[in-house]
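Let me begin by presenting the structure, written as structure tokens, before commenting on it.
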Amino acid sequence: MKESITSEIDELKKELEEYLQIRVDLVKLHIAGELSRFFSSFMTKTVLLYLFFFVFMFFSLAAALLLGTWLDSYALGFAIMGGVFLLAALIFWLLRKQLIERHVVHRFIELMFPKFEDDDSKY
């Protein structure tokens, strides 16, 4: 009788250890999947950002040259474009919380607490 209880406890302990190891492996796989999605998305967005930066830069130079031609002063054309960028930077600085911070916080919450198929609630 005592051996039967001991063997049952040993078997239960073994099954519990296997279950915990499977859960740990599942969490590791979930984290690896989420991190790989995050970094691939980050790299894609970084490359696109660089490409758009160069496109934007060349269009800005073209606009400055065009303004300079119209105004017969390239310096004035570049100064006007600089002022436009300064104004855009000021507006961006004033609206940074609404434009960036909320979205970044929301993305991190989605990354850390993914919505499962059977979960109908919203954060």
Side-chain angles (χ1 to χ4, degrees):
M1 178 93 171
K2 203 174 199 183
E3 288 179 13
S4 173
I5 293 175
T6 304
S7 67
E8 290 287 330
I9 290 174
D10 288 339
E11 187 177 329
L12 183 62
K13 180 182 171 189
K14 182 181 173 186
E15 288 180 13
L16 181 61
E17 287 173 352
E18 288 176 8
Y19 173 76
L20 290 176
Q21 185 60 44
I22 289 171
R23 293 296 294 178
V24 167
D25 291 342
L26 183 63
V27 168
K28 286 180 185 178
L29 283 172
H30 178 72
I31 290 172
E34 292 297 322
L35 284 176
S36 64
R37 268 191 25 224
F38 172 76
F39 283 117
S40 67
S41 173
F42 177 76
M43 291 304 296
T44 301
K45 289 176 183 174
T46 301
V47 168
L48 286 173
L49 181 68
Y50 279 121
L51 291 173
F52 281 123
F53 170 76
F54 285 113
V55 168
F56 188 70
M57 203 62 188
F58 282 113
F59 279 132
S60 298
L61 288 172
L65 289 171
L66 181 65
L67 283 172
T69 302
W70 286 346
L71 300 172
D72 292 326
S73 171
Y74 289 121
L76 188 57
F78 278 92
I80 290 171
M81 285 306 296
V84 168
F85 285 122
L86 183 62
L87 182 63
L90 180 64
I91 290 170
F92 180 79
W93 176 258
L94 293 173
L95 299 176
R96 70 188 180 280
K97 289 190 189 282
Q98 293 89 349
L99 294 175
I100 301 296
E101 197 171 293
R102 285 185 192 160
H103 298 290
V104 170
V105 169
H106 184 70
R107 291 297 297 156
F108 270 105
I109 288 172
E110 286 178 352
L111 179 67
M112 300 308 247
F113 303 100
K115 185 175 179 181
F116 295 103
E117 291 86 26
D118 59 346
D119 185 15
D120 290 332
S121 66
K122 293 207 175 207
Y123 331 115

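Quick note: numbers below take in every heavy atom, side chains included, and nothing from hydrogens, waters or symmetry partners.
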**Asked** Apart from Leu86 itself, what residues make up its hydrophobic cluster, given side-chain heavy atom links below 4.5 Å?
**Response** none
**Shared hydrophobic cluster for Ile31 and Phe38 (ILVMFWY, side-chain gaps under 4.5 Å)** = yes
**Asked** Leu95 and Phe92: same hydrophobic cluster, using ILVMFWY side-chain contacts below 4.5 Å?
**Response** yes
Please set out all donor-acceptor pairs under 3.5 angstrom arising from side-chain atoms of residues 63-76, sequence neighbours excluded.
{"unit_1": "Thr69", "atom_1": "OG1", "unit_2": "Leu65", "atom_2": "O", "d": "2.9"}
{"unit_1": "Ser73", "atom_1": "OG", "unit_2": "Leu76", "atom_2": "N", "d": "3.2"}

**Fill in**
dist Ile22:CD1 -> Glu18:CD (nearest 0.5 Å) comes out at 6.5 Å
**Message:** Assess the residue pair Glu17 and Gln21 against the criterion (side chain to side chain contact (heavy atoms under 4.5 Å, CB included)); give the C-alpha distance rounded to whole Å, side-chain angles, the decisive distance to 0.1 Å, and a yes or no.
**Reply:** CA-CA 6 Å; Glu17 287 173 352; Gln21 185 60 44; over 6 Å; no
**Message:** With a sphere of 6.0 Å drawn around CZ of Arg23, does it hold more than 12 non-hydrogen atoms of other residues, nucleotides or ligands?
**Reply:** no
**Request:** State, to 0.1 Å, how close Gly33 and Ser36 come at their nearest heavy-atom pair, and which atoms those are.
**Result:** O-OG, 2.9 Å
**Request:** Look up atom NZ in Lys14 and atom OG in Ser7, then write down how far apart they are to the nearest 0.5 Å.
**Result:** 12.5 Å
**Prompt:** Got a sec, which hydrophobics cluster with Phe42, joining ILVMFWY side chains under 4.5 Å apart, including via others?
**Reply:** Met43
**Item:** Lys/Arg-Asp/Glu bridge criterion (N-O < 4.0 Å) met for Arg37, Glu34
**Value:** yes
**Item:** Atom pair CD1 (Ile5) and CG (Leu12), whose distance is rounded to the nearest 0.5 Å
**Value:** 13.0 Å
**Request:** Measure centre to centre between the rings of Phe85 and Phe56, then say whether the value is under 6.0 Å.
**Result:** yes
**Asked** About how many Å separate OH of Tyr19 and CG of Leu26, when rounded to the nearest 0.5 Å?
**Response** 9.0 Å
**Request:** State the NZ-CZ distance between Lys97 and Arg102, to the nearest 0.5 angstrom.
**Result:** 10.0 Å
**Item:** Candidate pair Leu51 and Val55, rule side chain to side chain contact (heavy atoms under 4.5 Å, CB included), full reasoning
**Value:** CA-CA 6 Å; Leu51 291 173; Val55 168; 5.6 Å; no
